Amino acid sequence: MFREKMDIRLPGPTPVPPQVTRAILETMNAPYMDYRNEEFRRVVSDTVKRLKSVFRTEGDILLLAGSGTSALQTAMVNVIGPGDTVIVAVMGFFGEYLADIAKQAGANLVRIDSEWGQPTDPEAIRDALRQHPDAKAVFVTHCETSTSVVNDLKAIGDVVKGSGALLLVDAVSSVGAIELNMDEWGIDIVAAGCQKGLMTPPGLGVVAVNERAWDVIEKSPRPSFYFDLMRYKEFIQTGQTPYTPNVAMVKGLAAAIDLLEEEGLDNTFRRHVVLRDMTRAAMKALGVPCLVEDDAHASPVVTTVIIDQADPHVFRNHVRSELRVALAAGLGKLKDKTVRIAHMGYTDAGDVLKTIAAVEVGLRRVGYAVELGAGVAAAQRVWLERQAVAHV
Ligand SMILES: *Cc1c(COP(=O)(O)O)cnc(C)c1O
């Protein structure tokens, strides 16, 4: 009977609100539109305009038909060419993506490695910029979804501002869920996807670009035809994309932005922080360590927990098959040591309480002597104290 039932507690893709699914299905059920018509152009223009408030930028927003990685690559290859120096901050699995993209683009890669579970030290970026004054860009991850660490982008922005380099940010797992002030923090390009904080099924890459970045992009060789941002810039003026857009997902994204506006973005950010605090309090009560010890760097959207007294894959399978809650496996070198519990996007306190109850059962199944209900109670206490803040 429950074959198709599953609570998605993955840090992407995230649960899709019914309003978003409906908007997508309505689009797919109707005769497929010519996407250069007046009506769809208005949808694109309106969506892009409202996304500027989500990214908190006066810059341009460009939509790609692709996943989050298409946006990351676009950010990189429009600025960096063979022989150019780029500073990449790596603090986990997704930071390695940025390093790989830079390498493949033929860049002179300068890595700043942080221990997995720690954020990037802004002073390390300052040093790298001093040693490599020719660096064209600094690329950092906002929320490192493998370790559940959030970088202090405001502090990093302050460091990069005075240099000649652009600041590029991977915000695939943070946009729409974790505070991100693109203009105020001096971020020149933000790359994101739609299937995480933006609550839409996969299929859209989103790139935000400011004037400072356009000046560099214009003069860059831009070897990629499909990802050439100048083409996207030209077409977006009239609500179009240069190539066929992902029409249904654009409509879904528009419906998701309705929901973010309805909740109020600051309330959305606060809700995620409360859900994180519930999850972390529960793990503490259960004696299951979180990879990130310091609350100040702990991600509001995902919590990486260390499962070292049993096989984390067996644990995850129990939670999934018995209680139908999907948790994410660890990534990279954390693959066989951690499990990731997402509280990202269309997720509320009830979802978190059920997840923790399921985690307790799973832990008992693999031999942990946890006290049943201890995690749930700790999370409930956080909720009772903080509900007024969460506005849910
Ligand atoms: C999910 C994720 C990506 C990759 O996005 P895709 O949509 O799978 O291409 C990149 N960076 C971060 C931080 C992510 O969380």
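Counting convention: from 1, in listed order, for ligands and their atoms alike. Quick caveat, the model's predicted, so the values are computed rather than measured.
- Residue, atom and distance of the protein heavy atom nearest to atom 11 (N) of ligand 1 are Asp170 OD2, 2.7 Å.
- Residue contacts with ligand 1 for Thr69 involve both N, CA, C or O and side-chain atoms from C-beta outward (heavy atoms, distance under 4.0 Å).
- Salt-bridge formation is not detected for the pair Lys233/Asp60: no Lys NZ or Arg NE/NH1/NH2 atom is positioned less than 4.0 Å from an Asp or Glu carboxylate oxygen.
- Put simply, the side chain of Arg41 gets close to the backbone of Thr238: a donor and an acceptor are under 3.5 Å apart.
- With rounding to the nearest 0.5 Å, the separation of NZ in Lys136 from CG in Asp134 is 10.5 Å.
- Between Phe225 and Tyr243, the ring planes are tilted. Angles from 30° to 60° get that label.
- In the vicinity of Ser67, heavy-atom distances shorter than 4.0 Å reach the ligand 1 atoms 6 (P), 7 (O), 9 (O).
- Of the N or O atoms in Pro11, none lie within a sub-3.5 Å distance of an N or O in ligand 1.
- Residue contact check: Ser173 has heavy atoms under 4.0 Å from atoms 13 (C), 15 (O) of ligand 1.
- Using a 4.0 Å heavy-atom cutoff, Cys143 is listed among the residues neighbouring ligand 1.
- Asp158 has a carboxylate O that lies under 4.0 Å from a charged side-chain N of Lys161, or vice versa, which qualifies the two as a salt bridge.
- The aromatic ring centres of Tyr97 and Phe139 sit 6.0 Å or more apart.
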| request: Show your working on side-chain contact (heavy atoms from CB on, under 4.5 Å) between His272 and Ile178 and close with a plain yes or no. | output: CA-CA 7 Å; His272 283 92; Ile178 304 175; 5.8 Å; no
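- Summary of contacts: the protein heavy atom closest to atom 10 (C) of ligand 1 is Phe94 CD2, 3.4 Å.
- Residue-ligand proximity, Thr145 to ligand 1, at heavy-atom distances under 4.0 Å covers atoms 12 (C), 13 (C), 14 (C), 15 (O).
- Residue, atom and distance of the protein heavy atom nearest to atom 8 (O) of ligand 1 are Gln195 NE2, 4.0 Å.
- In terms of polar-atom proximity, defined here as any N/O pair under 3.5 Å, Thr141 makes no such contact with ligand 1.
- Ligand 1 has no nitrogen or oxygen under 3.5 angstrom from a nitrogen or oxygen of Tyr97.
- Contact between His142 and ligand 1 is absent, with no heavy atom of the residue lying under 4.0 Å from the ligand.
- Ligand 1 does not have Glu144 within reach: every non-hydrogen atom of the residue lies 4.0 Å or more from it.
- Counting only heavy atoms of the protein, atom 2 (C) of ligand 1 lies nearest to Lys196 NZ, 2.6 Å.
- Between the Glu58 side chain and the Asp183 main chain, no donor and acceptor come within less than 3.5 Å of each other.
- Few gaps surround CD on Gln237; more than 12 heavy atoms of other groups in view lie less than 6.0 Å from it.
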